[in-house]
Amino acid sequence: MKSYRRLWLGLLLPALIIVCVSCSRHHLPSQNAGLFFNTGLNELQSGDYTRAIADFSQAMALKTNYPDAYLYRGEAKSRLNDYAGTIADDTRAIELKPDYAYAYFTRGNARAALKDYAGTVADDTRAIELKPEYAYAYFTRGNARAALKDYAGTIADDTKAIALDPNDARSYLSRGNARAALKDYPKAIQDYNKTIELEPKNAMGYFQRGNIEAARVDYAGALADFDRAVEYNPQFTDVYAARGDIKYNFKKYADAIHDYDQALALNPQYARVYSSRGNARFELNDYAAAIADCTRAISLNPNQAIAYFTRGSAGFQLKDYPAAVADCTKAISLNPNYALAYFTRGSAEYFLKDFEEAVADCTRAINLHLPGADALYFRGLAVKQLKDYDAALADFNAAVGMDSTSIPYLVNRGWVKLALSDFDGAVADGARAIELNPNDAAGYSLRGEARRRLNKFDDAIADFTQAIGKDPKNALAWSYRGLARENLKQIDRAFTDCSTAVELDPQSAAAHENLGLLQNNQSQFQPALENFRSSLQLDPGLEYPRFRIWLIRTRLGEPEAATRELAGHVKSLSGAAAADWTARIGQFLAGPMAGEDFLNTAKTSAHNPKQQSSQLCQANYYAGMKHLMAGDKTGATALFKKSLDTGEKGCAEYVSAMTELAALKK
C-alpha cells in the first residue's frame, strides 16, 4: 500500500515545493520553518529519509502548529518502516487539522502495514467522508476489507474507485481478486481481462487470471498466462511456483522441478515450493531428494501437513516404515481429515505387522472417501493376517469391483478363497490374473496351489513351472511345486524344489514351512524343527508350523515344554484369530479339549462342504497324532484312515497321515 501513498505524494510534492520556494525570501520564524519544510520535501523526494525527518522536525520546532510537517515527517518514517511513528505524526496532524483527509489516508496505510486492518477501514472511511471523490481511499479501504475477508465490501469499494477512475488497472485487479475469493470466476476473469487491457504488460493481471484458469482446470490457459507473467516480470517468484504446479499437473515433473528451482533461486526461504519440488521428485522416484526437500520445507514452516505426508510417503517407498508412520502421524495432527496420510500410515503399519492399527487407519481413509480401492486392498491384507477371512474377502471383492483389472486385487482375493477352501474360486481368480497378464507369475502360483488342493497335481506342477519360467526367483512357486511333487511321490524332486526355494529366498516363511513339512514326512525331525522355527521368526502370524513344532518336540521327548509353548501362544490370541479353526487345533493339542468335541468343531465351524472336508482331514490327523503320542496305535490308525477317507490329498495333514499310517504298518 505504500506505493499508492507514494503516488499521491509524488503529485503533491511539486506543488508544495513551488509554494514553499515562493515564500522563502523572508526570514521570519514561520518563514524559516517553511525553508526547513521545503528542504525536507526535497530530501523525502530524493530518498534521504533520515535527513528529511530532521528537517521536518526543525520546521515543527520553529512552527509548532504545522500539520503538513507532521504529515510528511510521518511519510518519511513510513519509508523507514517506522509505522508507529507515522501513526503518531498523522494523529498529531489530524489534531491540528481535523478535516485533513490525506492524514487519515496515510494513517490508514500505516495501520495496514501493522495489520490493523479495522483501523485502516476506519481511517479511509473518514478520509472518504472528507473527500468523497478520493478514489485511492476507496481502493485502499477495499484492500483492508479483503484482508478482513470482507470480499463483498472490497468489491463495493473497488467498484466505486473504478467509477471515479475507470482507467486505474489496480482497482480492476483488486476487485478480480475479491471475486476470485468468492469463487465468482467469470466476473473475476472479466476484471483481469480489463486489467490487462489497460496495462498489457501487467504481470500480476496475467498471474491472477492464470490462477483462475488453474482453478477451473484450464491448465493450458493457465500455463499461457503464467508464461506471459514471467515474460513481463522475470523476477516474479510466485509465477514460477504456480507454473511449476501446472507442469506437475501435466505430469511433466522434470519441467516442474526446473520452475521450482527458479522460484527458490529468487526466494530460498519459500517453504511451499520446497514441498512442491519434493512432490515432483517423489513422482520421479527420487525419494532421497524428496525427503531432503520436504525436510527443508518443514524447517521453514513446521505446519505444512503435505510436506510431512510426502516425506512419509518417500520413507515408505524406501521401506523406512517407522519414519513413514511418524511423518504421517504428524501430517494427521495438522490435518485430521487427511485421507491419504491415514492410508499411507496404515500401509506402513501393515508392513510393520501392526495389523490392527493398519485396519483402523485404512478404515479411516475409506470413511474419508479416499478415491480408489487401495485402502480396501490394504485393509483386506491386514484382516487376512488377523484371520478374519470373511472381512478380507469382502474387502477384496469391493476392491475388485472397483478395478477388475488389478492383478494384486485378484490374486490376494484368490489366496483368501484358498483359506476358505473355495478352490474353484481361487482357480478362477488365478486364471483371470493370467488372462490380464500372461507374463505375471502371481496368477500361475495362485492357480497352481488351488489346483494342487483340488488334487490336480500335474496341472498344479504345470502352473508352478510356468510361474518359475516367468520369474525364476519365485520362491513360492518353487516351494509349492515341491509339495505337488511330494503328492506324486517324487520325493527327490520335491526336496530339490523346496530346498531351492529356501536358497532363493531365505526370508520366505512359506519356503521354510514347506521344506519343514517335507522333512517331517521323511522323519528328518530336527531339520524340520529348525525350518518350522525359521518360518515363525519370519512370520509370527503362521499357525501350522506351531502345531508341527508341538508334535516334533513331543515326539522327541519334550512334551511338557512343547505344551507350555503352544498353550502360551493360544492364550495370546484375540479377535478373529482366537475364533479361527487354527485356534481350535492349538486348544486341542495343548489343552484339555476332548477329541470328540474337536472333531465336532471341525464339522460345525466350516463355511462350506469343501472346508468341512479339509478341517476333518486335519482334525483326524491331529487327533491320531495325540493317540500315537499316548501309545494308542490302534486308535491312531483308525483316525489316520479317517483323515485319508476325506480324499483331501492336497492337504498337508493328508500326506502326513498317510506317512504315519505307512510307518505303523511296518
Side-chain angles (χ1 to χ4, degrees), residues 1-13 15-17 19-20 29-30 32-45 47-148 150 153 157 161:
M1 291 183 193
K2 288 188 288 182
S3 61
Y4 310 131
R5 178 164 58 248
R6 289 169 188 168
L7 178 62
W8 69 257
L9 179 65
L11 296 173
L12 189 62
L13 275 172
L16 284 170
I17 290 170
V19 171
C20 293
S30 61
N32 289 335
L35 286 172
F36 282 110
F37 178 74
N38 182 46
T39 303
L41 289 176
N42 286 322
E43 290 161 345
L44 176 58
Q45 195 170 43
D48 190 350
Y49 306 125
T50 301
R51 291 186 64 182
I53 290 170
D55 280 330
F56 289 135
S57 297
Q58 187 63 37
M60 286 184 281
L62 295 169
K63 183 179 177 181
T64 55
N65 298 325
Y66 205 158
D68 288 343
Y70 282 104
L71 175 73
Y72 287 104
R73 187 175 71 174
E75 174 61 24
K77 289 177 178 178
S78 76
R79 303 295 181 91
L80 296 173
N81 300 327
D82 178 10
Y83 301 113
T86 300
I87 291 170
D89 277 347
D90 286 338
T91 300
R92 181 57 180 156
I94 291 167
E95 290 173 355
L96 295 170
K97 188 177 179 181
D99 60 351
Y100 206 162
Y102 289 127
Y104 283 104
F105 174 71
T106 58
R107 187 173 70 177
N109 277 345
R111 284 176 166 165
L114 294 175
K115 298 184 180 181
D116 176 11
Y117 301 115
T120 300
V121 170
D123 275 341
D124 281 341
T125 298
R126 181 58 180 151
I128 290 166
E129 289 172 355
L130 294 167
K131 190 176 180 182
E133 303 305 307
Y134 200 169
Y136 291 122
Y138 285 104
F139 173 71
T140 57
R141 185 173 71 176
N143 283 343
R145 284 175 165 167
L148 293 169
D150 176 12
D157 276 341

Among D90, D124, D123, whose side-chain hydrogen bond (donor to acceptor under 3.5 Å, both in side chains) with R111 holds?
D123

State the [atom1]-[atom2] distance between [X] and [Y], to the nearest 0.5 angstrom.
X	Y	atom1	atom2	value
T106	L71	OG1	CG	5.0 Å
F37	M60	CZ	CE	10.0 Å
K97	D68	NZ	CG	5.5 Å
Y104	R107	OH	CZ	6.5 Å
L114	N109	CG	CG	11.5 Å
I94	I87	CD1	CD1	10.5 Å

Can you name the nearest heavy-atom pair linking [X] to [Y], along with the distance?
X	Y	result
L44	A52	N-CB, 3.8 Å
P67	L96	N-CD1, 4.0 Å
A103	A93	CB-CB, 4.2 Å
G74	D89	N-OD2, 3.5 Å

As a quick check of understanding, evaluate side chain to side chain donor-acceptor pair (under 3.5 Å) for Y83 and N81, giving each step before the final call.
CA-CA 5 Å; Y83 301 113; N81 300 327; 3.0 Å; yes

With side chains defined as the heavy atoms from C-beta onward, is the minimum distance between F36 and K63 less than 4.5 Å?
no

Side-chain heavy atoms of N65 within contact of R92, under 4.5 Å:
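A side-chain contact under 4.5 Å exists here.
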
Examine distances only and state if a side-chain atom of T120 and a backbone atom of A112 form a donor-acceptor pair shorter than 3.5 Å.
yes

Measuring centre to centre across the rings, with the benzene-like ring taken for any Trp, is F105 within less than 6.0 Å of Y136?
no

Which residues share a salt bridge (charged side-chain N to carboxylate O under 4.0 Å, His left out) with D55, sequence neighbours left out
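Salt bridge (charged side-chain N to carboxylate O under 4.0 Å, His left out) list for D55, sorted by chain: empty.
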
Working note: I53 + L80, criterion side-chain contact (heavy atoms from CB on, under 4.5 Å); need CA distance, chi angles, decisive distance, verdict.
CA-CA 10 Å; I53 290 170; L80 296 173; 3.8 Å; yes

Would F56 and Y66 satisfy ring-ring contact (aromatic ring centres under 6.0 Å, His included), going step by step from the backbone distance to the final call?
CA-CA 10 Å; F56 289 135; Y66 205 158; 8.6 Å; no

